[in-house]
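Proteins get letters first, then strands, A, B, ... in listed order; numbering begins at 1 in each. Note that the structure is a prediction, hence the values are computed from the model and not measured.
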Number of protein chains: 4
Amino acid sequence: MEKNQVPSTIKDEALVEKRRQQMVKGAVTLFTEKGFHKTTTREIAKASGFSIGTLYEYIRKKEDVLFLVCDSIYERVKERMEASINQDEKSVANLILAIRAYFHLMHDMQGEVLVMYQEVKSLSKDAQDYVLQKERDMVAMLEKVIKNSLPFSISEEQVTLIANNIFVQGQMWGFRRWILQRTFTLETYTEQQIKLLLQGLQVEEKELT
Amino acid sequence: MEKNQVPSTIKDEALVEKRRQQMVKGAVTLFTEKGFHKTTTREIAKASGFSIGTLYEYIRKKEDVLFLVCDSIYERVKERMEASINQDEKSVANLILAIRAYFHLMHDMQGEVLVMYQEVKSLSKDAQDYVLQKERDMVAMLEKVIKNSLPFSISEEQVTLIANNIFVQGQMWGFRRWILQRTFTLETYTEQQIKLLLQGLQVEEKELT
Amino acid sequence: MEKNQVPSTIKDEALVEKRRQQMVKGAVTLFTEKGFHKTTTREIAKASGFSIGTLYEYIRKKEDVLFLVCDSIYERVKERMEASINQDEKSVANLILAIRAYFHLMHDMQGEVLVMYQEVKSLSKDAQDYVLQKERDMVAMLEKVIKNSLPFSISEEQVTLIANNIFVQGQMWGFRRWILQRTFTLETYTEQQIKLLLQGLQVEEKELT
Amino acid sequence: MEKNQVPSTIKDEALVEKRRQQMVKGAVTLFTEKGFHKTTTREIAKASGFSIGTLYEYIRKKEDVLFLVCDSIYERVKERMEASINQDEKSVANLILAIRAYFHLMHDMQGEVLVMYQEVKSLSKDAQDYVLQKERDMVAMLEKVIKNSLPFSISEEQVTLIANNIFVQGQMWGFRRWILQRTFTLETYTEQQIKLLLQGLQVEEKELT
DNA sequence: GATGAATGAGGGTTCATTCAT
DNA sequence: CATGAATGAACCCTCATTCAT
């Protein structure tokens, strides 16, 4: 289950990679502006810098573009998260680091993430499952950091709940931007959410180093 | 800015109301299953129990159906929330009551809410503003309850943040059902979120009556 | 297995019948001139006297037009043959009558028959079977007449062979028109083929009344 | 009017010949399976064992492939017929020999012949004339044998008619295979047709040696 | 000579919307 | 008021053909 779920008639794999990057970049902009359905394949081709014919050398169906976009988003999210945090370090500081990194990421990828959430249902069942799995992986990452960072143990359930809370709070920064970004900056938003969370976990300030 | 944003050629207002209820009911089901774009006007007409010609006596454009759906959703949400809570009562118990009522509501309206979030961007700018305002009203309601329920005062900012957290946690129960409803029942989910919240607010258990 | 193998969104059955007649008429001309593949659906619509949108209210796919054409051809062939001959009369004269009627028919429907033979393979397997069956019915009709008309008995095999010979000789008049219609008129062609056949069957001239 | 109606950019004529043989072989299979129109040039290239670019070094247009196929078919038919019979021998036996050879040939080339008949109209007028001429040559060959083989004289017209009958009866074995090859083997089919023909010609059995 | 990436005209089909009945 | 046949703009996708390497 890889991105070569989407076959191409082009043999040169490096070229396929390059063209698809162009495609994803152009498509994200368009999907953000008008949504998947109102974006035409010709527009995607144009925004990607090639002709409609060429577009279809690299995908089979319009839906494939959406899949490629979703795939690329999670790939980038995963990359950046893995670069930012240490999943195995055992300290609350690491959890805070992870949240900051994640919120920051969600800030940078507001458009992409919004697109993904509004359009996944246009994917085939299979593709949806694939994307959902990536999301689960992401949440699992957060769960691991949470477990490792707490000096005392909490139930699995609670870990799940908190991980999901953090996950959607990150997305919410982009989804509900019209409301939140009027009151908060990314920094104040991040710090206040962290504070609320730690209080909820009853972790003393002093325990943070 | 009311639902008569959507004009009809029919004079008999009671009939208009009745027909539109049929429409919304049929449309929600269809939109839930296939999304707004993949649902045709003919399907909406059929599901509503009348002909395509008749459908267009009660709306101008397909988008109007979506607007009517969104409007109806918020109408029902507002009604039920107002019936369930007392916005002016000053006690933490009232907040807990409100959260329970809201989560329960989100549970009952999973399909509708999901549709709304995935399709609002298909509305015209004006209609989007209208729906967004309804959402703001809803959040404002939560903010009021939060402020009234706390025995000590917290900053406006924090109230906003908490209200938004509660708001999306309610939606999240439906949005992320594939993950959450595997681990929690609506009750365990609700109670754990409440617990986490109150700890975050550092409200002592005993303060609840 | 009827012509309502091809569903229509139009409810008024009489209208469906009428529009499809227009369609078949227009399509046969076009198919004769340029073949099925080189004829566009827009051309069919135009030749039928309605818009492309209307065309698709009466069919599902372009292939349906071809099916309707084939179906209509055999329907007309069958009608005319049944009107011209008496399947149960026991005389050689009746066979001669049948051949004359059939050749005459093939002459009148040269275009249609040619189209059918050149394009059937563009039909789905199911539709092909349906058309093939109609053809078999037609041959069976000839076989019956042959059997009834001979004063002595011949083998089943020979009946089949002769029926098939007559069948393709009729079509050949249209298929090979560039060669045959230079040498023969329909009448001389018919009479010579009849003569050859009867000699082959060793039926004495005098036996014909 | 030769096969070099189809120009090639390649100078090496032997190579052109070789590549075109590969092409025709691959194309016949494809055309038989899916017809000319539903076969893509890429498929032809692949089946021929070279790239699409190379294909176009040996032809100008897709239609050229069809022409080459038709040309090759008649070339092979002519070759084999000339090898099998003696056009100048004056005996009924020779006619019988010719028919047997021709039917046998049509049996071996069922696919090819069918393709040719269903797709010729896709050729340009010029190419059609060229193919038609080859067909006329073939019929003329049969006419010559018929005339030479009869001990008494019959009219030109009748010769034409009989030649055409034989010609289509040979094709019919392939065209109507679903019906005929259920009842006959190639041998029984051939012998019965010969018998019927000779009776039609009122040639006594004993006259055959 | 051979390759295969690029092109874009053009085809089949859908569906929101209208309007005569 | 209700109906449903008619319309055509617009969309997705294919594939013959070219040309730089």
Side-chain angles (χ1 to χ4, degrees), chain A residues 8-12 15-16 18-19 37-45 49-65, chain B residues 8-12 15-16 19 37-46 49-65, chain C residues 8-12 15-16 18-19 37-45 49-65, chain D residues 8-12 15-16 19 37-46 49-65:
Chain A
S8 165
T9 57
I10 300 311
K11 295 179 177 175
D12 184 339
L15 190 56
V16 171
K18 182 184 154 198
R19 292 274 181 265
H37 283 102
K38 287 197 186 158
T39 301
T40 69
T41 50
R42 272 170 177 79
E43 286 171 328
I44 297 172
F50 33 73
S51 72
I52 181 68
T54 300
L55 179 70
Y56 275 89
E57 296 285 341
Y58 294 91
I59 56 165
R60 288 161 312 173
K61 310 193 274 94
K62 187 188 176 190
E63 200 204 288
D64 287 343
V65 180
Chain B
S8 164
T9 59
I10 303 310
K11 303 296 161 202
D12 183 341
L15 188 56
V16 172
R19 291 273 183 263
H37 282 102
K38 288 194 183 159
T39 301
T40 68
T41 50
R42 275 168 172 75
E43 286 170 327
I44 296 172
K46 194 173 193 182
F50 35 74
S51 72
I52 182 67
T54 302
L55 180 70
Y56 273 86
E57 298 285 339
Y58 294 92
I59 57 165
R60 287 161 313 171
K61 310 194 277 86
K62 185 187 176 191
E63 201 204 284
D64 288 344
V65 180
Chain C
S8 165
T9 58
I10 300 312
K11 295 178 179 177
D12 183 338
L15 191 55
V16 171
K18 181 183 156 199
R19 292 276 181 262
H37 283 102
K38 288 197 184 154
T39 302
T40 69
T41 52
R42 276 167 179 80
E43 286 170 327
I44 297 171
F50 34 73
S51 72
I52 181 66
T54 301
L55 179 69
Y56 274 89
E57 296 285 341
Y58 294 91
I59 56 164
R60 287 161 314 173
K61 310 194 273 94
K62 186 187 177 191
E63 200 204 287
D64 287 344
V65 180
Chain D
S8 164
T9 60
I10 303 310
K11 305 294 163 203
D12 183 340
L15 189 56
V16 171
R19 291 273 183 263
H37 283 102
K38 287 197 185 158
T39 301
T40 68
T41 51
R42 276 167 171 77
E43 286 170 327
I44 296 172
K46 195 174 194 181
F50 35 73
S51 73
I52 181 68
T54 302
L55 180 70
Y56 273 86
E57 298 286 339
Y58 295 92
I59 56 164
R60 287 161 313 171
K61 310 195 278 83
K62 186 187 175 190
E63 200 205 286
D64 288 344
V65 181

Report the C-alpha separation of C:Tyr56 and C:Thr9 in whole Å, then their side-chain angles, then the decisive distance to 0.1 Å, and conclude whether the side-chain contact (heavy atoms from CB on, under 4.5 Å) test is met.
-> CA-CA 9 Å; C:Tyr56 274 89; C:Thr9 58; over 6 Å; no

Would C:Tyr58 and C:Leu15 satisfy side-chain contact (heavy atoms from CB on, under 4.5 Å), going step by step from the backbone distance to the final call?
-> CA-CA 10 Å; C:Tyr58 294 91; C:Leu15 191 55; 3.6 Å; yes

Do C:Leu55 and C:Ile59 pass the side-chain contact (heavy atoms from CB on, under 4.5 Å) test, and can you show the C-alpha distance, the side-chain angles, and the key distance before you say yes or no?
-> CA-CA 7 Å; C:Leu55 179 69; C:Ile59 56 164; 4.0 Å; yes

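Between B:Thr41 and D:Ile52, the residue anchored closer to the 5' end of DNA chain E is D:Ile52, taking for each the nucleotide with the nearest heavy atom. In terms of position along DNA chain F, the nucleotide closest to C:Gly49 lies nearer the 5' end than the nucleotide closest to the other residue of the pair C:Gly49 and A:His37. Between D:Glu57 and A:Asp12, the residue whose closest nucleotide on DNA chain E is further toward the 5' end is D:Glu57.
Contact detail for C:His37 and C:Lys62: the closest heavy-atom pair is O-NZ, 3.6 Å. Taking both residues in full, the closest heavy atoms of A:Ser8 and A:Val16 are given as OG-CG2, 3.8 Å, listed atom of the first, atom of the second, then distance.
With rounding to whole Å, D:Lys46 atom NZ is found 14 Å from E:dG4 atom C1'. For B:Tyr56 and E:dT18, the OH to P distance is 7 Å, given to the nearest whole Å. Straight-line distance from the CD atom of A:Glu63 to the P atom of F:dC12: 13 Å, rounded to whole Å. Put simply, CD1 on B:Ile59 is 10 Å from P on E:dT18, counting in whole angstrom units. For the pair A:Phe50 CZ and E:dA5 P, the computed distance is 13 Å after rounding to whole Å. What separates CG of B:Leu55 from P of E:dC19 is a distance of 17 Å, to the nearest Å. For B:Lys61 and E:dT18, the NZ to P distance is 11 Å, given to the nearest whole Å. Atoms NZ (B:Lys38) and C1' (E:dA16) sit 18 Å apart, rounded to a whole Å.
You'll find a donor-acceptor pair under 3.5 Å spanning the side chain of C:Arg42 and the base of E:dG12, going by distance alone. Residue A:Arg60 places no side-chain atom within donor-acceptor reach of the base of F:dT14, judged by atom type and a 3.5 Å distance cut-off alone.
Separation of atoms CD1 (B:Ile44) and OG1 (B:Thr39) is listed at 6.0 Å; rounding is to 0.5 Å.
Checking the phosphate oxygens (OP1, OP2) of F:dA6, a side-chain nitrogen or oxygen of C:Tyr58 falls inside 4.0 Å. Of the side-chain N and O atoms in D:Thr54, one or more sit less than 4.0 angstrom from OP1 or OP2 of E:dT3. Residue B:Ser51 has no polar side-chain atom (N or O) positioned under 4.0 Å from OP1 or OP2 of F:dA2. Between F:dA5 and C:Arg19, no contact under 4.0 Å exists linking OP1 or OP2 to a side-chain N or O.
Among the heavy atoms of the strands lying under 4.0 Å from A:Thr9 are primed sugar atoms or P, OP1, OP2 only; no base atom is included. Among the atoms of the strands shown, only primed sugar atoms or phosphate atoms (P, OP1, OP2) are found under 4.0 Å from some heavy atom of C:Thr39. Across all strands shown, C:Thr40 has heavy atoms under 4.0 Å from sugar-phosphate atoms exclusively, and none from any base.
Within a 6.0 Å sphere centred on NZ of A:Lys18, heavy atoms belonging to other residues, nucleotides or ligands number 12 at most.
C:Arg19 is not listed as a side-chain neighbour of C:Glu57, based on a closest heavy-atom distance of 4.5 Å or more.
For the strand DNA chain F, secondary-structure stems (runs of at least three Watson-Crick or G-U pairs, all distances below 3.5 Å) span E:2-21 with F:2-21.
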